[in-house]
Amino acid sequence: TSGTQRDLVQSGALALEWRCSSDGRKLLVSEGGLEHRVRIVDAVAGTLLDGPWVTTAPRWVEGCDGRYFAGVRGGQRVLFDLLRDREVSMGRDEGPWPEVTALEDGRFLVENDREVALFSADFRRERCVFYAPVDTSVAAR
């Protein structure tokens, strides 16, 4: 199921975890050891589809049925586009992860606790779609 993570193996310095894509057809397999590697595996056949990439904290990006995943490398959040075989910087790895949803036109909706914003295919902010209302009584404190 979407968002599910399972530990596959934990043996000494090696740990394997997986997360299933929203369509259930792909697994995001994370290998933790001296170097953290991520591979994409066919959930039915068990064959390697893509990878490996050196990255930590991997997660699927919702929408587009397993086309995108994100992770952290060198203190930066990186978006991996499996269809175009490219990596796009999402900025520094600071604070909680926002909810990222891929749209059919190649852009992204990014939601955090303050706003929902539209980002381009290159992960550049285009515009704010929604600002969370500010409670003036709390903001005055």
Side-chain angles (χ1 to χ4, degrees), residues 1-136 138-141:
T1 61
S2 179
T4 300
Q5 177 179 326
R6 296 280 190 257
D7 290 338
L8 295 177
V9 177
Q10 179 111 26
S11 173
L14 178 66
L16 295 176
E17 299 175 344
W18 62 268
R19 293 176 188 247
C20 192
S21 63
S22 60
D23 65 357
R25 298 183 326 189
K26 297 177 184 174
L27 298 176
L28 182 69
V29 179
S30 175
E31 173 187 322
L34 295 176
E35 237 182 9
H36 293 273
R37 291 191 179 105
V38 173
R39 292 174 174 81
I40 307 299
V41 175
D42 183 292
V44 176
T47 57
L48 177 68
L49 298 174
D50 219 334
W53 296 274
V54 176
T55 186
T56 59
R59 61 199 64 227
W60 286 111
V61 171
E62 292 300 318
C64 294
D65 294 330
R67 175 178 170 178
Y68 302 97
F69 78 93
V72 176
R73 183 173 49 211
Q76 297 287 313
R77 292 179 180 169
V78 179
L79 178 74
F80 297 87
D81 183 341
L82 302 175
L83 184 63
R84 293 187 179 153
D85 193 27
R86 68 183 184 128
E87 301 173 12
V88 178
S89 175
M90 296 173 64
R92 293 177 48 104
D93 184 30
E94 296 176 335
W97 275 82
E99 288 290 323
V100 179
T101 304
L103 304 176
E104 291 296 324
D105 66 359
R107 296 184 296 174
F108 301 92
L109 277 179
V110 179
E111 178 181 355
N112 59 32
D113 60 346
R114 298 177 318 268
E115 66 182 12
V116 177
L118 184 64
F119 280 69
S120 70
D122 293 327
F123 221 78
R124 290 189 176 93
R125 184 185 172 98
E126 290 184 355
R127 65 184 172 93
C128 181
V129 177
F130 173 78
Y131 281 113
V134 175
D135 184 348
T136 54
V138 173
R141 293 183 198 171

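Throughout, residue positions are numbered sequentially from 1 according to the sequence presented.
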Q | Listed once per pair and sorted, the ring-ring contact (aromatic ring centres under 6.0 Å, His included) pairs that draw on residues 24-50, sequence neighbours left out | A | none

**Q.** Side-chain heavy atoms of Arg19 within contact of Phe69, under 4.5 Å
**A.** no

Q: Check whether any side-chain heavy atom of Val100 sits under 4.5 Å from a side-chain heavy atom of Phe119, and report yes or no.
A: no

Q) Less than 4.5 Å apart, any side-chain heavy atom of Ile40 and any of Trp53? A) yes

Q: Under the side chain to side chain donor-acceptor pair (under 3.5 Å) rule, collect the residues that match up with Asp23, sequence neighbours excluded.
A: Ser21, Arg25

Q) At what distance, to the nearest 0.5 angstrom, does CG of Leu103 lie from SG of Cys64? A) 7.5 Å

Q | Spatial distance of atom CZ (Arg125) from atom OG (Ser120) [nearest 0.5 Å] | A | 12.0 Å

Q. When you look at CD of Glu99, are more than 12 heavy atoms from neighbouring residues, nucleotides or ligands closer to it than 6.0 Å?
A. no

(Q) The criterion is side chain to side chain donor-acceptor pair (under 3.5 Å); which residues satisfy it with Arg59, sequence neighbours excluded? (A) none

**Q.** pair Leu118-Leu109: side-chain heavy atoms closer than 4.5 Å
**A.** yes

Q. Only one of Phe80, Trp60, Phe108 forms a ring-ring contact (aromatic ring centres under 6.0 Å, His included) with Tyr68, so which one is it?
A. Phe108

**Q.** CG on Leu28 to CG on Asp50, rounded to 0.5 Å
**A.** 11.0 Å

